[in-house]
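Side-chain atoms are counted along with the backbone in the values below, which use heavy atoms only and exclude waters and symmetry mates. This chain uses plain numbering: 1 for the first residue, then up along the sequence.
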Amino acid sequence: MQAFVLLLSIISFELYNVDGRKLNVHGFTQVYYRYRDRDDNTLSLRRTRLIFKVKEGKSLEFKMQMDFLKNPTLLDAYMNYKSRNFMIKIGRFLPDFTFYMPHSSTALDFVDYPLIAKKYGMWRQVGIEASYFFRDCVYVKSGVFNGPQNSYKDVDGMKDMLFKLGYRRNWIKAGLYTYERKETSKREKLAGLYLDLRPKRLIFTVEPLFVMSDSSTIKRNDLGYYVQAGVYILKGLKSLLRFEDLYVDVDSNDLPERRIWAGLVKEFSHFKLYVNYIKGLSGDNTKDIILQLQCKW
């Protein structure tokens, strides 16, 4: 199955386009190498995916994404309907939570998501997300989701709630969001904001996230953030630095999880090459060199 997907990765095609109805098939493969020391290095396929998109005119879109890394797995399956300034998404997908979470892994600046997204992200949810756009640059969004990460059904009958106020225009993106996550014996309230600036050859992104956890056994406040900056050295070649901190229980004396990233990304028409160096600080022993070759078709 993987050989079949790798063979498809050299082509991109539109199966049909009749009377405003289009069916496109595309996908991507990521080959990943991590070096930590002489006895701990890994070479593997990280993701191998097929994506099907059906468009009915300008208003209606269906998307299905499958991963073939081990066994065929359904990741995304949703309908997206837009009418003037209103849009609604129904199905299984990544909620619009944090700056990076709704983005595909093919669009990341580094090989992985920031710590705040990896630890507190909702990942794939079954639910409904509705948006309203004001003058095409300001939008409000709300959503209702089942809750368990990467689940296909509701396991406890409780629902999570998302609210977001966003702005996007030209090279500026900004957002303010809240998410309330409910489980049988636990409640989490998450609130964050982000600012992403990309004028011409420069990149600057900052995002803090505050988390309040309340369960039958513990009450805790967490705080995480990252700051990153980058520049396009040449056409299709950018360098970036990221500093990130994660305080699990800000009232404790525990050291934060703290890392610094340095990266180079070279973009080609169908390929993207990442070179990342990750250094753990304040007791974190992470010291990785990561290479990732991505083929997108």
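In the hydrophobic clustering of ILVMFWY residues, with side-chain heavy atoms under 4.5 Å counting as a link, Leu45 and Tyr33 come out together. Val248 is connected to Leu190 through a chain of hydrophobic side-chain contacts under 4.5 Å among Ile, Leu, Val, Met, Phe, Trp and Tyr, so both are in one cluster. In the hydrophobic clustering of this structure, Met66 does not group with Tyr78; members are Ile, Leu, Val, Met, Phe, Trp, Tyr whose side-chain heavy atoms approach within less than 4.5 Å, directly or through other members. No single ILVMFWY cluster, assembled from side-chain heavy atoms under 4.5 Å apart, contains both Val211 and Tyr225. The hydrophobic cluster containing Leu293 does not contain Leu69, counting ILVMFWY residues as joined when their side-chain heavy atoms lie under 4.5 angstrom apart, directly or transitively.
Under the 30°/60° scheme for interplanar angles, the aromatic rings of Tyr179 and Phe145 are found to lie parallel. Relative ring orientation between Tyr139 and Phe133 is described as tilted, the plane-to-plane angle lying within the 30° to 60° band. The aromatic rings of Tyr113 and Trp123 sit perpendicular, their planes meeting at an angle over 60°, well past the 30° parallel limit. Using bins of under 30°, 30° to 60° and over 60° for the plane-to-plane angle, the ring pair Phe99/His103 lands in the tilted bin. Between Phe97 and Tyr177, the ring planes are perpendicular. Angles over 60° get that label, and only those under 30° would be called parallel.
Members clustered with Phe110: Tyr32, Val111, Ile203, Tyr232, Leu240, Trp261, Val265, Tyr274, Ile278, Ile290, by chain and number, using a 4.5 Å side-chain heavy-atom cutoff among hydrophobic residues.
Evaluated for a side chain to side chain donor-acceptor pair (under 3.5 Å) with Gln30, the options Arg46, Gln294, Lys272, Lys296 yield exactly one hit, Gln294.
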- Task: Could you go through the salt bridge (Lys or Arg N to Asp or Glu O under 4.0 Å) check for Lys186 and Glu188 one step at a time?
- Result: CA-CA 7 Å; Lys186 183 179 179 180; Glu188 275 190 347; 3.4 Å; yes

- Message: Go through it in stages, so that I can follow the logic: the residues are Lys182 and Asp156, the test is salt bridge (Lys or Arg N to Asp or Glu O under 4.0 Å), and I'd like the CA-CA distance, side-chain angles, deciding distance and then a yes or no.
- Response: CA-CA 9 Å; Lys182 297 180 180 180; Asp156 57 10; over 6 Å; no

- Query: Arg181 and Glu183: salt bridge (Lys or Arg N to Asp or Glu O under 4.0 Å), yes or no, with the steps?
  - Reply: CA-CA 7 Å; Arg181 180 159 48 191; Glu183 298 177 8; 5.0 Å; no

- Task: Any chance you could lay out the salt bridge (Lys or Arg N to Asp or Glu O under 4.0 Å) test for Arg169 and Asp136, step after step, and finish with the verdict?
- Result: CA-CA 8 Å; Arg169 188 167 187 177; Asp136 295 327; over 6 Å; no

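Sorted by first and then second residue, the pairs that involve residues 73-102 and meet salt bridge (Lys or Arg N to Asp or Glu O under 4.0 Å), not counting sequence neighbours, are Asp76-Arg124, Asp96-Lys141, Asp96-Lys164.
Counting only N and O atoms by type, the side chains of Tyr247 and Arg258 include a donor and acceptor under 3.5 Å apart.
Interatomic distance, Leu195 CG to Glu207 CD, rounded to the nearest 0.5 Å: 10.5 Å.
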